[in-house]
Every structure is written in structure tokens, then in C-alpha cells.
Amino acid sequence: MEIIFILIIAGAALGIQLVIYRKLGSRRLSYFARLAQNEVYEGEEAVLTEVISNGKLLPLPFVKTEIIAHSCLDFGVNAEKSKENMCSIPSIFSLKGNEQCTRTRKIKCSLRGVFDIGSKTLYGSDLFGLSSFSAVNEQNVRLTVLPSPLGTEDFYPSSRLLYGDIQVRRFICEDPFLISGAHEYTGREPMNSIFWNASAKTGQLMALNRDYTTYSRLLILLTFQRRDEMPAPAADSVCEVLIKAAAFALEQGVKNKSDFTLGINVPDEETPDAQNGENFKTEQLRRLAKVTPQCHLPVIDFIKSQKPRNFTDIILITPYFSQNTSDYLKDIEAAGQCVRVYSTQCAAKEESFFVQIRRETGTTSHKY
């Protein structure tokens, strides 16, 4: 009789527990995720912090969340990949009453792009898994993976390429803003060139040395068209190499203080006015992170649309380099502009090209 009574009490307690967890389990339960950095480069790690909070006295022995993310984002766990290349990464928590739990995940970013990392529902149950509850809790953070520059010595500029304000041996006029040192005042210099700080230190009049500069404007052109007569993009792996090459060109433009811009031969993509600096480079890298390789204009028409005559230096990055494109670029260079082509395949077998074969990726750099 006592055993039956104990079983009845245990069953009643279990039933009460089932009702309590079913009705109260999802109350005052919150979850959110945040990224330490919303932008990283390919190959770097992003840090995702998950925070879950139980704001009631009832303990929650089992709470599960699922992070939905693209398969190229490596969370360090084996997750099944869907047909849409999305993965579900589970997170399991155990919370006492009025407790908050924080978990940090490192995400290795192996592919450039703009990715949404989200979670829609919280799942939970009692200690025995007999009573379950769920709560809608939509979370969405956006991670931008910027393309990393192509690491190659074959793509370094020539003596005339990519430079902005650089010192030259002779020029018509001095640059009044470029100071390269000081010399003893001879009496032939104007009074506004006296270097008063140096004069005070040396005890005699010193004059400023002003140097000479020249200036260039760089146009970077990126196209994905496989052939002139075929409006289809090249293979994904080839397009990714070309995007890295464009990132390298942007980096060198900043390093050498050029005004530069990036034109991309895809639909609905406008080329901004040429600017300089790290901020403008980052804006162009964001464009490269979002771009989907497509075909828009034939290569020569695309080059013409970018008004290349307004620039002193031109870099064309393309998977296919035809004879017609070669002839057109030679006409541009004949007008005094510096032209360089980075291509994965050369159709124009000209001795006037300087060709270097990249063994790592099988790409070719062509220079007039």
C-alpha cells in the first residue's frame, strides 16, 4: 500500500513538473548573439559571443539553440550541410534559476562574402526530457569577409605604375608642401623658406629643402568573362583568384598614395570617382566581398565605358585576354598611359608581352 502511495505521489509530482515546464519553461528566457567584429579578412577568425539568460527561479536543465550559418564559416564542429550550403550548429546550455551563461565561439572564415548568422528558436525540456517547450527568438548578425590580397611577387608594379606623390629627380616646379630637410641660408632663398626651428637649434639661419613630386591616377578594371564571344563567367576558383588580385591592386594603390578606383564588369555596378586612403580601399573591398561573378559588357566596351583616358595608369584583371583587347590597350599605352594586364589565360601570343607564370595558381601576368 505504501509503495502504491509513493508511486501516486511521484506520478503527481511528475505531472505537476510536466505542466510547470510546459507553461513556464519559455518565460523570461532570453538569448542573443553578437560579433566582436563585423568585418574580417579571408583566413582570419571572427568571434561570436552567445548570451542566454534565465530570469526566473525555475532551473532549466536542458536548453538548446541552433545557429544557422553558411558552410564556409568553420565553427570547429562537424555539422551537416544542406543543399543550400547552410549548416546548423547546435548549442546546449544548462541554467540554474536566475542565471546567465555566456559562450564564445571562434569562427574561421575561409571564403570572402557577406554572411548572415542567425538563430530562430530556443528548445528546452525538463530533467527527464518528458516535457518540452520552445520559444521564438530570432537573432541575426551579419559578417562581412573581405577578400585577402593575392600574395604574389608577379603582380608588383613597374617603375611607372601605381605611384601617387613620389619624389623625382627633376621637375618644372617644386612642391611647396614636400619638405625633405634643411640647408644653411645663403641669402638667395626667399624669406618664407627660412626654417626657424632649425635656425634656433643650430644658432644660424637655415632654409627649407623642398622636393619635387609627380602624381598618377589608377584605374583597376575587373572582369569575369570567360571568352569575348561567350557571355559566361569563368570557374569559381578562377574568379576568386581575380578578386584577390583586385584586392592586391587596391592595397598597392593605398601604399603608394595614388588616387584610384575600381570598375567591376557586372550588371548594376557603378564605378565611384577616384579617391585615395584606407577608408576608400575598405569601401572597394566591401564591393568585392559582395560581388557575384557575372558577365555584362564585352571587355573592350567595358574598358571604354570607364573612360580610361582620364587615368595615367590602368590595370586590367581578366580571365581571358584576347588579341582585340591587346590591340586596344596598345593604342591606350601609345598615348602615354601605363597599362598592365593580369590574366589567367593569354590568347594573344605577342613577343612584346613580358610573361611570368605563377606556379601556385597557374595564372599569368602580362606587361607591355
Side-chain angles (χ1 to χ4, degrees), residues 1-40 45-111 113-145:
M1 190 70 179
E2 292 179 356
I3 296 176
I4 296 175
F5 183 71
I6 292 173
L7 292 175
I8 292 174
I9 293 176
L14 185 61
I16 293 172
Q17 178 200 245
L18 296 177
V19 173
I20 290 174
Y21 272 95
R22 188 170 294 138
K23 290 187 176 181
L24 303 179
S26 60
R27 291 188 182 181
R28 301 183 68 181
L29 178 64
S30 63
Y31 168 86
F32 71 91
R34 63 174 180 266
L35 287 165
Q37 290 180 307
N38 294 97
E39 283 186 351
V40 296
E45 287 186 342
V47 178
L48 178 71
T49 302
E50 299 176 272
V51 180
I52 188 168
S53 177
N54 180 21
K56 55 184 178 295
L57 294 175
L58 180 67
L60 301 175
F62 178 83
V63 180
K64 178 183 177 183
T65 66
E66 286 186 341
I67 300 173
I68 310 298
H70 197 276
S71 59
C72 70
L73 300 178
D74 185 5
F75 284 78
V77 298
N78 293 325
E80 187 176 351
K81 183 169 64 173
S82 67
K83 294 181 179 179
E84 294 80 17
N85 289 324
M86 302 298 289
C87 290
S88 178
I89 298 93
S91 291
I92 298 176
F93 300 88
S94 182
L95 300 169
K96 300 177 183 178
N98 293 320
E99 185 181 28
Q100 178 177 288
C101 181
T102 301
R103 179 173 295 163
T104 300
R105 290 180 174 273
K106 291 185 177 180
I107 310 171
K108 187 172 181 180
C109 307
S110 58
L111 185 67
V114 180
F115 306 102
D116 289 325
I117 302 173
S119 176
K120 293 185 178 180
T121 309
L122 295 172
Y123 304 93
S125 69
D126 62 354
L127 183 61
F128 305 102
L130 299 176
S131 178
S132 61
F133 61 88
S134 62
V136 177
N137 189 0
E138 292 193 6
Q139 293 287 320
N140 192 64
V141 292
R142 178 159 291 181
L143 175 63
T144 301
V145 182

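The structure presented is a predicted model; accordingly, all values stated were derived computationally and were not measured.
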Set out, in order, the CA-CA distance, both residues' side-chain angles and the distance that settles side-chain contact (heavy atoms from CB on, under 4.5 Å) for I107 and I117, then state yes or no. CA-CA 11 Å; I107 310 171; I117 302 173; 4.0 Å; yes
Stepwise, does the side-chain contact (heavy atoms from CB on, under 4.5 Å) test hold for F93 with L60? CA-CA 8 Å; F93 300 88; L60 301 175; over 6 Å; no
Assess the residue pair L73 and C109 against the criterion (side-chain contact (heavy atoms from CB on, under 4.5 Å)); give the C-alpha distance rounded to whole Å, side-chain angles, the decisive distance to 0.1 Å, and a yes or no. CA-CA 5 Å; L73 300 178; C109 307; 4.1 Å; yes
Does the pair K81 and M86 meet the rule for a side-chain contact (heavy atoms from CB on, under 4.5 Å), with working shown? CA-CA 6 Å; K81 183 169 64 173; M86 302 298 289; over 6 Å; no
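Listed here is the closest heavy atom pair of N54 and L58: ND2-O, 2.9 Å. Contact detail for S125 and F133: the closest heavy-atom pair is N-CE2, 3.6 Å. Considering every non-hydrogen atom in both V77 and R105, the closest pair reads CG1-NH1, 4.4 Å. Counting all heavy atoms, side chain and backbone alike, P61 lies closest to D126 at CG-C, 3.6 Å.
The neighbour count for K106 NZ, taken as heavy atoms of other residues, nucleotides or ligands under 6.0 Å away, does not exceed 12. A 6.0 Å sphere centred on CD of Q100 holds more than 12 heavy atoms belonging to other residues, nucleotides or ligands. The environment of N85 atom CG is dense: over 12 non-hydrogen atoms of other residues, nucleotides or ligands sit within 6.0 angstrom.
The CG atom of L122 lies 9.0 Å from the OG atom of S134; values are rounded to the nearest 0.5 Å. The line from CD of Q139 to CD1 of I68 is 13.0 Å long, rounded to the nearest 0.5 Å. Put simply, NZ on K96 and SG on C101 are 11.5 Å apart, with the number rounded to the nearest 0.5 Å. In this structure, the separation between CD1 on I52 and NZ on K64 is 13.0 Å, given to the nearest 0.5 Å. To the nearest 0.5 Å, the span separating SG on C87 from NE2 on H70 amounts to 8.5 Å.
Results of the side chain to side chain contact (heavy atoms under 4.5 Å, CB included) test with V141 over D116, I67, L48 single out L48 as the only residue that passes.
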Please tabulate, for the side chains in residues 25-34, all donor-acceptor contacts under 3.5 angstrom to protein atoms that are two or more places apart in sequence or on a different chain.
unit_1 : atom_1 : unit_2 : atom_2 : d
R28    : NE     : G55    : O      : 3.0
R28    : NH1    : G55    : O      : 3.1
R28    : NH2    : G55    : O      : 3.0
Y31    : OH     : E50    : OE2    : 2.6

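Side-chain atoms of N38 and R142, non-hydrogen and from C-beta on, never get closer than 4.5 Å to each other. In this structure, C72 and F115 have side chains that are in contact, with non-hydrogen atoms separated by less than 4.5 Å.
Without hydrogens or angle criteria, S132 side chain to G124 main chain gives no donor-acceptor distance under 3.5 Å.
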